[in-house]
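Below: the structure, in structure tokens.
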2 protein chains.
Amino acid sequence: MTDLRERILECALDLYLEDGPKGLSMRHVGESLGVSATAIYRHYRNKEDLLNNVMGEAVKVFGSYLFASLSGKTPEERFNRGGEAYLNFALEKGKYYEVIFMAPSQFGAAGDGSGLPEALRAQSMATFQFLVDRVQECMESGYLRKADAQAVSMTIWAHTHGLVSIYLAKKWSLDEAGFRRLFRESTERLMHGLRPAP
Amino acid sequence: MTDLRERILECALDLYLEDGPKGLSMRHVGESLGVSATAIYRHYRNKEDLLNNVMGEAVKVFGSYLFASLSGKTPEERFNRGGEAYLNFALEKGKYYEVIFMAPSQFGAAGDGSGLPEALRAQSMATFQFLVDRVQECMESGYLRKADAQAVSMTIWAHTHGLVSIYLAKKWSLDEAGFRRLFRESTERLMHGLRPAP
DNA sequence: GTCTATAGGTGGATAGAC
DNA sequence: GTCTATCCACCTATAGAC
């Protein structure tokens, strides 16, 4: 039996994604786990604290995926490993992906000053800067055609996020293997236009 | 003073996007509009009916945007007008865009057999087929390089949806004019790699 | 068509027993 | 640490007056 604290986090994530912040209920979490609702308060101060921990965990896990790709030896390798890390995170931790990148505009902000939506925004920006850095060094190494690295990064991120979010929203009937193939082919199609002319 | 029925729909849309299906409350809608909650039941059977009407309206409006682009005389024109229609819909009816294309995986399905999430899925598929048709005829006319029209369409939709959804989630600090420019430039960058070699 | 009153349900959070 | 009991707030929906 894993730690109750962790199981609460997992269950809260599911409820949050099903019905939004208002759909996450301490009682329901408790029922799902076979404990009373009040037991949760020994592990999390209140509902807001629980929700913040869900989002914080998502951000932490995503960071660990992306960070690993920095071990690549060349700009190309770091770029490609970064892309794979992003894909792996999306497929292995799809629910965390939804929390970080697919929440509707106001979703959960609630104006309560909890400050976590701000952390999510910061996370997105840091992720984007990571991509810009990879693109920049690939332009210097000649792997990508020289251009505005920021603008090219936007194109790449848009394409990547678009693929992943449409897949996670189940708007394509594809299994995971099929999606991995689509992801690679589509990315290759895009990158083909971004590399130096032969 | 516009029709109360319409104002209810608008208000319900806002509440839905802020807090999800559970965050939409008849009482709150009523308060926002200065009427009692029960007044709403003269216009909508119940909460589910109200929510279904919100989504149905979104789908209807989107269809009207897209349909207009069919008036183009050539494949290129229909393709480009379709892209503009999509962008205009996203910018002029951003909240409807979120309802149709940005709802998290389970959001609102609720297993209640209401059948509307199914209609949304159908709408996405119809939209995608519309794009495939445009791409197909552009390949035949020579505007696009011949290739698997379905696969190329996925790349294009992913890029387009990615741009729009990141913008609507306010993950880029851009005003509308800036985003329109970004959209055009980024699309041009992508299309450049999809057109026949000179 | 819109109101008030009301029934019946769900939810957050605390107090205090064990 | 987890429970039961409890309080109060908010929700959907209906009945019936106006």
Side-chain angles (χ1 to χ4, degrees), chain A residues 1-57 99 104 106-117, chain B residues 1-56 104 106-117:
Chain A
M1 180 83 81
T2 61
D3 191 13
L4 178 57
R5 193 184 150 89
E6 279 177 32
R7 294 196 306 143
I8 292 170
L9 214 55
E10 236 176 281
C11 185
L13 172 64
D14 285 337
L15 279 169
Y16 171 77
L17 288 178
E18 265 179 49
D19 288 323
K22 293 276 203 311
L24 166 69
S25 106
M26 307 299 261
R27 290 167 125 94
H28 201 123
V29 169
E31 273 167 36
S32 296
L33 300 175
V35 299
S36 75
T38 53
I40 301 168
Y41 288 85
R42 282 289 139 191
H43 301 277
Y44 300 92
R45 201 169 301 108
N46 52 30
K47 177 174 164 173
E48 185 190 330
D49 182 41
L50 173 55
L51 223 30
N52 284 351
N53 271 277
V54 168
M55 307 212 205
E57 178 69 10
V99 166
Q106 307 273 8
F107 209 75
D112 58 2
S114 71
L116 218 131
Chain B
M1 180 82 78
T2 61
D3 191 12
L4 177 58
R5 195 184 148 88
E6 279 176 33
R7 294 195 308 145
I8 291 171
L9 215 56
E10 234 177 284
C11 186
L13 171 64
D14 285 337
L15 280 169
Y16 172 76
L17 288 177
E18 265 178 49
D19 289 324
K22 294 276 205 312
L24 167 69
S25 107
M26 307 299 259
R27 290 164 118 91
H28 201 126
V29 169
E31 273 168 36
S32 297
L33 300 175
V35 299
S36 76
T38 54
I40 300 169
Y41 288 85
R42 282 287 138 191
H43 302 276
Y44 300 93
R45 200 170 301 107
N46 52 30
K47 178 174 163 173
E48 185 190 328
D49 182 41
L50 174 54
L51 222 30
N52 284 351
N53 272 276
V54 168
M55 308 212 205
Q106 307 274 8
F107 208 75
D112 58 3
S114 71
L116 218 130

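A note on names: the letters A, B, ... follow the listed sequences, proteins ahead of strands, and every chain is numbered from 1.
Nearest approach of B:Y41 to B:N46, heavy atoms of both residues: CE2-CA, 4.0 Å. Nearest heavy atom pair, residue B:D49 against residue B:Y44, reads OD2-CA, 3.5 Å. Residues A:L15 and A:S25 share a closest heavy-atom pair of CD1-O, 4.2 Å.
Remark: P of D:dA13 and NE2 of B:H28 are 17 Å apart, rounded to the nearest angstrom. Atom NZ of A:K22 and atom P of D:dA9 are 17 Å apart (whole Å). Rounded to a whole Å, the CD1 atom of B:I40 is 11 Å from the P atom of D:dC11. Between the OH atom of A:Y41 and the C1' atom of D:dT6 there is a distance of 14 Å, rounded to whole Å. Between the CE atom of B:M26 and the C1' atom of D:dT14 there is a distance of 12 Å, given to the nearest Å. Remark: P of D:dA13 and CG of B:L50 are 10 Å apart, rounded to the nearest angstrom. In this structure, CZ of A:R27 is placed 13 Å from P of D:dA5, rounded to the nearest angstrom.
Residues that satisfy the side-chain contact (heavy atoms from CB on, under 4.5 Å) test with A:D14, not counting sequence neighbours, are A:K95.
Among the protein residues, B:L24 comes within range of the sugar-phosphate backbone only, with heavy atoms under 4.0 Å from sugar or phosphate atoms but none that close to a base.
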Taking only N/O atoms, report every protein-nucleotides 1-3 of chain C pair under 3.5 Å with atom names and distance.
unit_1, atom_1, unit_2, atom_2, d
C:dT2, OP2, B:H43, NE2, 2.8
C:dC3, OP1, B:S36, N, 3.3
C:dC3, OP2, B:S36, N, 2.7
C:dC3, OP2, B:S36, OG, 2.6

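Atom NZ of B:K22 is surrounded by 12 or fewer heavy atoms from other residues, nucleotides or ligands within 6.0 Å.
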Do any side-chain atoms of residues 30-40 of chain B form donor-acceptor pairs under 3.5 angstrom with protein atoms, and if so which ones, sequence neighbours left out?
unit_1, atom_1, unit_2, atom_2, d
B:S32, OG, B:H28, O, 3.0
B:S36, OG, B:T38, OG1, 3.0
B:S36, OG, B:A39, N, 3.4

